[in-house]
Amino acid sequence: MSLCVLNPGPLTTVQDLGREGCAAEGFRRCGAADDYAARLANLLIGNNPGDAVLETTLRGPEVQFVTGAVFALAGAEADAALDGRPVPFFTPAFAPAGSRLTIGTARAELRSYLAVWGGIAVAPVRGSRATDLACHLGGFSGRALHPGDVLPLARTGQEAAAHWQELCRRHLDRPLGDRVVCRGPAPWRQLGTERLPLLRAVPGPQAAAFTPGARDLFVHSIYRLTPDCNRMACKLQGPALETVSGADILSDGIVEGSVQVSGNGQPIVMLADHQTTGGYAKIGTVISADLPALAQLRPGQAVAFDWIDPAGAVAAARHRAALLQQVKERLS
């Protein structure tokens with residue numbers, strides 16, 4: 001009931017959907033940066049959407065299944081092989097005891113997800129198995145995985161073999177063919193020859209701190225990810241956004257998707273490992289349905305923003321949930 005990490009890749013962590021309800025005590029939410037891909041990987045093999053998975057960055061790990069396991073890959077596609085045989089993404093698969101799974105470098109995006117039936121069974125901390133790298137909390141010893149780490153699994157090899165037989169009997173071992181469901185909602189904006197991911201945002205709590213020209217500039221400009229991007233936030237570079245009387249505010253709460261604007265006028269979009277409070281004015285909040293697209297971008301890539309009202313944000317969230325529901329219903 002375990003898998004052994006032979007080579008972890010640049011950054012592989014245990015993540016689930018995050019540590020909810022603990023911000024008032026100073027705990028970050030953390031969890032999967034691309035929560036759509038993490039949910040999808042879980043649903044493909046019959047897990048709960050919030051079961052713990054492995055999140056990889058740029059290049060995946062090499063792991064050995066000590067016991068047999070059913071697994072699936074989602075997110076940034078890469079060449080993957082089980083004992084040398086190719087393994088497609090978005091497809092349930094069975095790993096016999098002793099087999100080795102190798103996940104290569106992502107072809108175009110950034111983060112991939114490996115789900116194992118039953119979930120990665122590390123001990124929960126504050127109700128979550130998510131890794132908080134800054135606080136050394138949760139996940140596997142509160143850190144990124146190292147060679148030789150052995151991760152507990154929730155299901156035995158015998159249980160996994162029986163589950164795999166059932167998936168095959170119901171023809172659920174086949175690839176998920178709908179690319180829209182595989183990739184999730186992906187709004188975009190065409191500017192000349194460039195097709196840009198479009199991040200829709202509701203006005204932020206300090207939107208009035210920005211000049212009308214800055215609020216227009218925010219949604220009519222191109223911003224590029226700087227090298228200073230990680231699981232905490234994406235710092236962007238583009239036209240400076242002017243404030244009425246400065247960007248500094250009394251620190252207040254921050255959520256995933258908050259778009260802070262620092263003193264140099266550049267936006268910073270908070271991701272899963274964001275801090276709980278911040279002292280820069282927030283011009284907007286990127287809606288939850290669009291954050292996975294941002295989490296998959298690499299430094300140098302460009303994005304655009306657009307305003308959306310709360311009703312539109314709710315509709316987008318419901319559309320995303322409906323796509324995942326299609327996958328869940330395959331196993332019901």
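Side-chain atoms are counted along with the backbone in the values below, which use heavy atoms only and exclude waters and symmetry mates. Sequence positions, counted from 1, serve as the residue numbers for this chain.
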Notebook entry, point to check: Side-chain heavy atoms under 4.5 angstrom apart, residues restricted to Ile, Leu, Val, Met, Phe, Trp, Tyr: same cluster for Leu17 and Val125?
Noted result: no
Next item on the list: Report the C-alpha separation of Arg179 and Glu77 in whole Å, then their side-chain angles, then the decisive distance to 0.1 Å, and conclude whether the salt bridge (Lys or Arg N to Asp or Glu O under 4.0 Å) test is met.
Entry: CA-CA 12 Å; Arg179 294 298 296 175; Glu77 294 183 71; 2.9 Å; yes
Notebook entry, point to check: Just how far is it from atom CZ of Phe305 to atom OG of Ser221, taken to the nearest 0.5 Å?
Noted result: 10.0 Å
Next item on the list: Spell out, yes or no, whether Phe71 and Val5 are grouped together once hydrophobic residues are joined by side-chain heavy atoms under 4.5 Å, including indirect joins.
Entry: yes
Notebook entry, point to check: Which pairs, with at least one residue in residues 310-332 and sequence neighbours excluded, count as a salt bridge (Lys or Arg N to Asp or Glu O under 4.0 Å)?
Noted result: Asp35-Arg320
Note to self: One thing to verify: whether Glu55 and Arg231 come together as a salt bridge, which I'm taking to mean a side-chain N less than 4.0 angstrom from a carboxylate O.
What the structure shows: yes
Note to self: Around atom CD of Gln275, are there more than 12 heavy atoms from other residues, nucleotides or ligands closer than 6.0 Å?
What the structure shows: yes
Notebook entry, point to check: Can you name the closest pair of heavy atoms from Ala74 and Ala37 and give their distance?
Noted result: CB-O, 3.5 Å
Check: Any side-chain heavy-atom pair from Ser262 and Ile268 closer than 4.5 angstrom?
Finding: yes
Notebook entry, point to check: Under a single-linkage definition using a 4.5 Å side-chain heavy-atom cutoff for Ile, Leu, Val, Met, Phe, Trp and Tyr, are Phe65 and Trp117 assigned to the same hydrophobic cluster?
Noted result: no
Please tabulate, one pair per line, all N/O donor-acceptor pairs under 3.5 Å involving side-chain atoms of residues 92-111, not counting sequence neighbours.
unit_1	atom_1	unit_2	atom_2	d
Ser99	OG	Pro96	O	2.6
Arg107	NH2	Asp79	OD1	2.7
Glu109	OE1	Arg183	NH2	2.2
Glu109	OE2	Arg183	NH2	3.1
Arg111	NH1	Ala295	O	2.5

Next item on the list: Please assess Arg126 against Glu25 for the test salt bridge (Lys or Arg N to Asp or Glu O under 4.0 Å), listing each intermediate value before the final yes or no.
Entry: CA-CA 11 Å; Arg126 292 277 174 165; Glu25 301 171 77; 2.8 Å; yes
Margin query: Applying side chain to side chain contact (heavy atoms under 4.5 Å, CB included), can you list everything that pairs with Ser112, at least two apart in sequence or on another chain?
Written below: Thr56, Ala76, Phe89
Next item on the list: Indicate whether the side chain of Asp228 and that of Thr226 have a donor and an acceptor atom separated by less than 3.5 Å.
Entry: no
Next item on the list: Using only heavy-atom distances, determine whether the side chains of Gln260 and Lys282 contain a donor-acceptor pair under 3.5 Å.
Entry: no
Checklist line | Full working for side-chain contact (heavy atoms from CB on, under 4.5 Å) between Ile308 and Ile287 | finding: CA-CA 9 Å; Ile308 191 172; Ile287 65 174; 3.7 Å; yes
Check: Any salt bridge between Arg143 and Asp149, counting N to O under 4.0 Å?
Finding: yes
Note to self: Donor-acceptor pair, distance only, cut-off 3.5 Å: does the side chain of Tyr113 make one with the backbone of Gln15?
What the structure shows: no
Note to self: Grouping I, L, V, M, F, W and Y whenever their side-chain heavy atoms are under 4.5 Å apart, do Phe90 and Val116 come out in a common cluster?
What the structure shows: yes
Notebook entry, point to check: Can you name the nearest heavy-atom pair linking Asp290 to Leu198, along with the distance?
Noted result: OD2-O, 3.6 Å
Margin query: Working to the nearest 0.5 angstrom, can you tell me the gap between Arg28 CZ and Cys135 SG?
Written below: 5.0 Å
Checklist line | Value rounded to 0.5 Å, distance of CG in Asp173 from CG in Leu44 | finding: 12.0 Å
Item checked: Straight-line distance of His220 NE2 to Leu191 CG, nearest 0.5 Å -> 10.0 Å
Checklist line | Arg29 side chain vs Gly18 backbone, donor-acceptor pair below 3.5 Å | finding: no
Item checked: Same apolar cluster (I L V M F W Y, side chains within < 4.5 Å links), Leu199/Met270 -> no
Checklist line | Within the 6.0 Å centroid threshold, strictly below: Phe218 and Phe210 | finding: no
Checklist line | Non-hydrogen atoms of Ala144 and Thr13 that approach each other most closely | finding: CA-CG2, 3.9 Å
Margin query: I'd like to know if the side chain of Gln158 pairs up with that of Thr156 as donor and acceptor (distance under 3.5 Å, no hydrogens or angles considered).
Written below: no
Checklist line | Atom OH of Tyr280 with >12 non-hydrogen neighbours under 6.0 angstrom | finding: no
Next item on the list: Would you name the heavy atoms of Val14 and Ala52 that are closest together and state the gap between them?
Entry: CG1-CB, 3.9 Å
Checklist line | Short side-chain to backbone donor-acceptor contact, Arg200 and Val286, under 3.5 Å | finding: no
